[in-house]
Amino acid sequence: MLQQIFSGSFNFYDVVAYLVAVLLIIFLILPFHEWAHAFVAYLLGDKEAKSRGRLTLNPISHIDMVGALAMIFVGFGWAKPVPINPNNFKKPKLGMALCALAGPVANLLAAYVGLVIYYILAFAFPSFFYLNDIGLMIRSFFVFYASCNVSLAVFNFIPIPPLDGSKILFAFLPYKAIAFMTKYETIFSLALIFLIFTGGLSTVLGFATNEILNFLSNMALSPVRFFAELF
């Protein structure tokens, strides 16, 4: 992202839109992602996150400074992981999988809501939205906001520890396999970082992000267009 900004690929309005979208994600969406983990865990009988003050949308309880800076400068980031004790679940593997699933689903829900708002504004104020610099900046904001949310969801679905996808995968693996992956979590994490910075996952993640973003966009456009035609 920084490379695009410094190379001149983005104009001033794009940069402002990107920064506003990223700050919203850092202070609202990443806490929402972690709250979703904590909330599902609480519903399933684990009060560990609640006892540590993590069953909240307060960003101060969730923000990780390194993850926040990575979100600004690299385009993806993270918050402090929510403590979850699977021993408090009736079915530990299933409980962990459901808790893990809640985070990316929260991102997809946030993206969908953003897209619905985007289309409502586009239908309500078409001239302003498409022919005005401020309108174009608002459009760019929604594009960045939705794209970042979907990217975070797709990234977290990767079944490599410590990402949420690994916890979902664990629900289908024997305990020996889970123990092996957990034991070598650091190595898996380093391999993941290597793949990210070398672009080894760019094609797959980019394709998945675009497909999901297009699907959510169509899902958001349909009801807005329906109601717009009524009026």
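Values reported hereafter were calculated over all heavy atoms of this structure, with side chains retained and with hydrogens, waters and symmetry mates removed.
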**OP:** Determine whether S61 and R52 make a side-chain contact, defined as any pair of heavy atoms from C-beta on separated by less than 4.5 Å.
**Re:** no

Subject >> Closest approach of C99 to L44 (non-hydrogen atoms, all atoms of both residues) >> reply: SG-CD1, 4.3 Å

Original post:
Between K93 and Y175, is NZ or CZ placed under 6.0 angstrom from the six-membered ring centre and within 45° of the ring axis?
Top reply: yes

Original post:
Would a 4.5 Å heavy-atom cut-off, applied to side chains only, mark Y13 and L136 as touching?
Top reply: no

Original post:
Heavy atoms, side chains only, cut-off 4.5 Å: are L30 and H62 in contact?
Top reply: no

Original post:
Can you find a heavy atom in the side chain of V82 that is under 4.5 Å from one in the side chain of I84?
Top reply: yes

Original post:
Ring centroid separation for F227 and F123, is it under 6.0 angstrom?
Top reply: no

Original post:
Is the count of non-hydrogen atoms from other residues, nucleotides or ligands lying under 6.0 Å from Y130 atom OH greater than 12?
Top reply: yes

Original post:
Any side-chain heavy atom of P161 within less than 4.5 Å of one from Y184?
Top reply: no

Original post:
Centre of Y42's six-membered ring, under 6.0 Å away, within 45 degrees of the axis: is that where NZ or CZ of K50 sits?
Top reply: yes

Subject >> Any N107 side-chain heavy atom under 4.5 Å of V154 side chain >> reply: no

Original post:
With a 4.5 Å limit on heavy-atom distance, are the side chains of D164 and H33 in contact?
Top reply: yes

Original post:
Can you tell if the side chain of D46 reaches within under 4.5 Å of the side chain of N87, non-hydrogen atoms only?
Top reply: no

Original post:
What do you reckon, is CG of L131 surrounded by more than 12 foreign heavy atoms closer than 6.0 Å?
Top reply: yes

Subject >> Mutual orientation of the aromatic rings belonging to Y118 and F129 [parallel < 30°, tilted 30-60°, perpendicular > 60°] >> reply: tilted

